[in-house]
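Residue numbering restarts at 1 for every chain, and letters A, B, ... go by the order of the sequence lines.
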Number of protein chains: 2
Amino acid sequence: MHFENIIKTIKERRESLRVTQETLADLSGVGLRTLKQFEAGKGNPTLLTLKKLGDALGLELTLKIKGG
Amino acid sequence: MHFENIIKTIKERRESLRVTQETLADLSGVGLRTLKQFEAGKGNPTLLTLKKLGDALGLELTLKIKGG
DNA sequence: TAAAATAGAGCGTTAAAATGCACTTTGAGA
DNA sequence: TCTCAAAGTGCATTTTAACGCTCTATTTTA
């Protein structure tokens with residue numbers, strides 16, 4: 001769906017922390033099915049879902065001027 | 001819903017470009033209703049919606065390690 | 001301050017996100 | 001190669017995002 005970079009960041013961060021999808025699902029409060037789908041590149045998560053995952057992984061979502 | 005910063009960035013960027021919600025809706029392909037709700041702090045947009053708005057406004061969404 | 005433009009809200013519909021459960025596939029190690 | 005853990009998929013349900021239309025509220029400007 002064109003979120004390759006974001007998906008990649010989440011997945012790589014999770015793996016570098018040696019956390020399974022199941023554990024991350026528990027920690028973040030996101031359903032396991034939802035996380036699986038997301039990492040598999042399916043679907044279009046909501047901002048809330050992304051935020052929950054980011055919070056659990058110590059990642060922050062920012063929006064800034066391109067190039068700036 | 002806790003996305004204050006993101007909402008604020010979108011809204012301020014739109015205003016600094018002197019673009020109305022209606023114009024941004026047209027340019028981005030996001031429905032006017034959806035944009036209005038989002039800027040009003042209601043709801044929980046999908047990543048795709050956020051990406052469309054960001055693209056139209058020259059903003060990029062990034063996810064990175066907190067503090068890093 | 002009256003008119004016009006812009007922003008926000010209510011209501012209803014459609015499409016899809018989020019979820020659980022059960023099953024299959026894949027990968028790493030004994 | 002067998003086993004077990006982790007990842008990925010199918011199916012069904014519930015919730016809700018996205019949306020248009022209409023109306024109201026607010027802001028801007030002539």
Side-chain angles (χ1 to χ4, degrees):
Chain A
M1 190 72 87
H2 311 113
F3 311 131
E4 289 79 10
N5 291 342
I6 286 175
I7 294 172
K8 194 157 164 280
T9 301
I10 292 273
K11 190 164 186 167
E12 287 179 357
R13 175 68 169 169
R14 180 178 62 76
E15 287 170 348
S16 80
L17 294 174
R18 307 240 198 287
V19 170
T20 65
Q21 288 179 339
E22 193 164 9
T23 301
L24 176 55
D26 287 344
L27 290 176
S28 65
V30 169
L32 178 57
R33 191 71 220 295
T34 301
L35 175 57
K36 283 175 181 297
Q37 271 189 352
F38 174 57
E39 283 198 4
K42 312 285 176 61
N44 175 25
T46 63
L47 197 46
L48 182 58
T49 293
L50 197 60
K51 185 178 183 306
K52 285 178 180 174
L53 294 175
D55 285 350
L57 292 171
L59 296 171
E60 63 187 345
L61 194 62
T62 62
L63 194 60
K64 58 179 186 180
I65 297 176
K66 225 169 266 178
Chain B
M1 188 75 84
H2 310 114
F3 312 131
E4 290 79 10
N5 291 342
I6 286 176
I7 294 172
K8 193 157 164 278
T9 300
I10 292 272
K11 189 164 188 167
E12 286 179 357
R13 174 69 169 168
R14 179 179 64 74
E15 287 171 347
S16 80
L17 294 174
R18 308 239 199 286
V19 170
T20 65
Q21 288 179 338
E22 192 164 10
T23 301
L24 176 55
D26 287 344
L27 291 176
S28 65
V30 169
L32 179 57
R33 190 71 220 294
T34 301
L35 175 57
K36 284 175 183 296
Q37 271 190 351
F38 174 57
E39 283 198 4
K42 312 284 175 60
N44 174 25
T46 64
L47 198 46
L48 182 58
T49 293
L50 198 59
K51 184 177 183 306
K52 284 178 179 173
L53 294 174
D55 285 349
L57 291 171
L59 296 172
E60 62 186 347
L61 193 63
T62 62
L63 192 61
K64 58 179 187 180
I65 297 176
K66 226 169 265 178

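- Which of D/dG8, D/dA17, C/dA9 sits closest to the side chain of B/Lys36 comes down to C/dA9.
- In this structure, NZ of B/Lys42 is placed 7 Å from C1' of C/dG8, rounded to the nearest angstrom.
- The listed nucleotides are C/dA17, D/dA7, D/dT9; the one nearest the side chain of A/Arg14 is D/dA7.
- A heavy-atom distance below 4.5 Å is found between the side chains of B/Phe38 and B/Ile6.
- Put simply, CD on A/Glu15 is 12 Å from P on C/dG27, counting in whole angstrom units.
- No side-chain heavy atom of A/Leu47 sits under 4.5 Å from any side-chain heavy atom of B/Thr46.
- The distance from atom CD of B/Glu39 to atom C1' of C/dT6 is 11 Å, rounded to the nearest whole Å.
- Straight-line distance from the CG atom of A/Leu47 to the P atom of D/dT16: 16 Å, rounded to whole Å.
- When the P atom of D/dA17 is taken as reference, atom CZ of B/Phe38 falls 12 Å away, rounded to whole Å.
- At a threshold of 4.0 angstrom between heavy atoms, the contacts of B/Arg18 with the nucleic acid are absent.
- Rounded to whole Å, atom P of D/dA7 lies 15 Å from atom CD1 of A/Ile7.
- One finds no salt bridge joining B/Glu4 and B/Lys8 here, because no Lys/Arg side-chain nitrogen approaches an Asp/Glu carboxylate oxygen to under 4.0 Å.
- Note on A/Lys11: a side-chain N or O is less than 4.0 Å away from OP1 or OP2 of D/dG8.
- For the pair B/Leu61/B/Lys51, no side-chain contact is recorded, criterion being any heavy-atom separation below 4.5 Å from C-beta on.
- Distance, B/Glu22 CD to C/dA7 P: 9 Å, rounded to whole Å.
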When every nucleotide of nucleotides 19-30 of chain D is labelled 5' to 3' by its protein contacts under 4.0 Å (heavy atoms), B for base, S for sugar-phosphate only, - for none, what sequence of letters results? BBB---------
